[in-house]
Structure formats: structure tokens, C-alpha cells
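Single-structure report; data block below.
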Amino acid sequence: MELVNRPRRLRRTDCIRRLNRETRLSVDSLIYPVFVDETLSGVRPIESMPGQNHYGLDRVHEAVEDCLNAGVNHCILFGLPARKDACGSSAWAEHGVIQEAVRTIKATFPDFTVITDVCMCEYTDHGHCGILRRHGHDCDVDNDETLEYLAKIAVSHAAAGADMVAPSDMMDGHVAVLRKALDKNGFQDTAIMAYSAKYASAFYGPFRAAAGSAPSLGDRKGYQMDPHNRKEALRECALDAAEGADILMVKPALSYLDVIRECAETFDLPLCAYSVSGEYAMIKAAAAAGLVDEQRIMCETALSIFRAGANMLITYYAQELAKAIYMGEIG
Ligand code: PBG
């Protein structure tokens, strides 16, 4: 029988296989998370995330230099403050850990993109992402009161020089409130990357250990999304888009590739995926046990996220992926 369409013609040589790739990766689409600890001088390895570090304000420039050397031009900052209280007041302090980190980085590397995570869980003594309202033994986060605090945090980050703020709190109405506050304070050009579809996930475990942000009571199911739901992610994205988000995000990435695909097809905004701490730690642990080839698994998982439709990726493997792209192992 005569086969007219023979796919294998396009698989004949390495060169043709490259020509035929549907998904292209670029170092420009990689964002590296950096943890800055206000109480630290120097660099300290993060136990729950092998290969990652906490940086003191005196050494945060090294994280940026490592990124630039690898070809990565964007970072997202997470802060560990010296002091925590019920309303997370260190989060919007003029000389808070993130504000100082942004100033330090921007003073030396003005063109390096600095995105800041806007949330309260690393700054509150109870570890929740907002202001707590207690009902007897129960508690929940007061959505509307939290919005006022988030606005203050975002404005303080923008004032320090952040290019983009990324609210990860999952409060309703957060993008509109942040946009209004940023504009009112003269930061019309500060973009908002909204953690739109953020699931209540066990994959955040190593991050919470690293950031000391696990809730001391209750959980985050009241404001983060239920992993059973897909259409709800579309509603969350639609709200953030209507409120003025510049970039939408789905998080985690690997277990939510269907959500990434659907959001990419439905919205005309750029879509970011966050390959979170648990995804990273699982690969590291499996590789350390000699069970998988770390380099290939790293490439294959990143590829799956872009193939699903993500336009950019926050990943702890950003530097290694950039090197793999340069070496032609992926891309
Ligand atoms: C803050 C925040 C979290 C992560 C990013 N921002 C933790 C959480 O929601 O508990 C997780 C990132 C990761 O696991 O790599 N709300």
C-alpha cells in the first residue's frame, strides 16, 4: 500500500528533527526563584530543596550573577523577614527584606527583571496568606481586609524598583485592588503577574519548609483551589484578566498540564506556569536514589509544560535548563 503521509520522513536526521519541532524553548522564558533571608549574612543551602540556597542581603547579587552567567534574565524574589506579626507588617516595610533586595539588585543590574511575590504567609506569625478572623477554634482569612495590606505590599515593592509584582495570595479582587493602588502611586508601568489558578497543593511542602511559611493552624483550602476543579481555574483567570492582570499563572505545573492547556487556549494574555518546590524536590530525590536521569527528566518535564501552552516558566531548574538549551540538549 502506498503511504502518502509518512511522518518518519521528518524524523530521519537530527537536523530534520530539530526543524520539525513544534515546541521551542528559549532562555528568555525562564524565571528563577530566589530566597532572601533578612537574618542571614552569606549563603546557606536549603535542606528541603537540594541545590537551592538562602541568600543574605550581602550576597543576593551572587544569585543574579549565577543567573546571568547561565543566560537567565528574570528572577522572582521570596523573603524571609527577621520579624513576623499577626498582620505581616514586615511585608510592606520601606526597608524590609524584599524592598532592600530589589534595591540592591537593581543598583547593580538595572536590566535584570525583578518580580516580587506579593503575599503575607512568610510575614504573618500564623503563616496564613492574609489577615485572620477567628471564630472560636476555627479561623479564616478576611478577604477584603487582606486586600488593603496586599496593596501596601505591592506599592512598597514597586517603590523599591520591582518590574513586576506577583500576588500569590488568592484573595478575590486582588488584581483590581493592586492595579488601582499601583496606578494611584505613580506605578502605571509596574506589571501584575497574577497567580490566577493556584491550587491547594501538597507540592508546596519543600517551599514552606524553606520559607517558614506553613500555616500554624488550619490550611489554605479556603482560598486556594481544589485540585478536583478545572473550570474554576477558567473563572479565576477570567476574573484576573478582567481586573487588569498582565500575565496569568497556573501553579503547580506538572499535575495541572490540562489547566495550562485550557487557559492558554482561552485567554489572550501571556501564561506563566510555576513548576513548584515539590516538583523539583521529587526529581532531585529520584535522581539522588539513582532511579532517573536528572538532566533528561528536567528537560522532558519542562518541555511538557511549554508543549501544554505555557509561555514562560518559573523553575528552580532555570539555570540548568538555560545551559541545556545552549548545549542543544533541548529547544
Ligand atoms: C506564597 C507562595 C507559596 C509558593 C509560592 N508563593 C507557598 C504556598 O502557597 O504555600 C510555593 C512555591 C513552591 O512550592 O515552589 N503564598
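The structure presented is a predicted model; accordingly, all values stated were derived computationally and were not measured. Indexing begins at 1, ligand by ligand and atom by atom, following the structure's order.
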Aromatic plane relationship, Tyr195 with Tyr274 - under 30° parallel, 30 to 60° tilted, over 60° perpendicular: tilted
Heavy-atom side-chain contact between Ile314 and Met249 under 4.5 Å: yes
Nearest neighbour in protein (non-hydrogen) for atom 14 (O) of ligand 1: Ser277 OG, 2.7 Å
Nearest non-hydrogen protein atom, atom 15 (O) of ligand 1: Tyr316 OH, 2.5 Å
Numbered atoms and elements of ligand 1 in range of Tyr274, under 4.0 angstrom, heavy atoms: 12 (C), 15 (O)
Proximity flag Arg220 to ligand 1, non-hydrogen atoms under 4.0 Å: yes
Aromatic plane relationship, Phe78 with Phe207 - under 30° parallel, 30 to 60° tilted, over 60° perpendicular: perpendicular
Distance from atom 10 (O) of ligand 1 to nearest protein heavy atom, with residue and atom: Arg208 NE, 2.5 Å
Any N/O pair Glu122/ligand 1 closer than 3.5 Å: no
Sub-4.0 Å heavy-atom contact, Cys119 with ligand 1: yes
Electrostatic pair Asp183:Lys180 at N-O distance under 4.0 angstrom: no
Donor-acceptor pair between Tyr317 and Glu294 side chains, under 3.5 angstrom: yes
Enumerated ligand 1 atoms positioned under 4.0 Å from heavy atoms of Cys121: 1 (C), 16 (N)
Asp117 and Ser168: side chain donor to acceptor below 3.5 Å: yes
Asp169 and ligand 1 - part of the residue with a heavy-atom distance under 4.0 Å: neither
Test: Glu320 and Lys323 ion pair at under 4.0 Å: no
Contact check, Glu279 vs ligand 1, heavy-atom distance below 4.0 Å: no
Nearest atoms (heavy-atom pairs only) where Ile260 meets Ala310: CG2-N, 3.6 Å
For Gln224, the ligand 1 atoms whose distance to one of its heavy atoms is below 4.0 Å: 9 (O)
Protein heavy-atom partner closest to atom 6 (N) of ligand 1 - residue, atom, separation in Å: Lys251 NZ, 3.3 Å
Heavy-atom nearest option to atom 3 (C) of ligand 1, drawn from Phe207, Tyr204, Phe203: Phe207
No-hydrogen, no-angle side-chain donor-acceptor test under 3.5 Å, Asn143 and Tyr223: no
Within-shell test, Phe78 vs ligand 1, heavy atom, strictly < 4.0 Å: yes
Atom 9 (O) of ligand 1: nearest protein contact (heavy atom, Å): Lys198 NZ, 2.8 Å
Test item: side-chain donor near acceptor, Gln52 and Tyr32, under 3.5 Å: yes
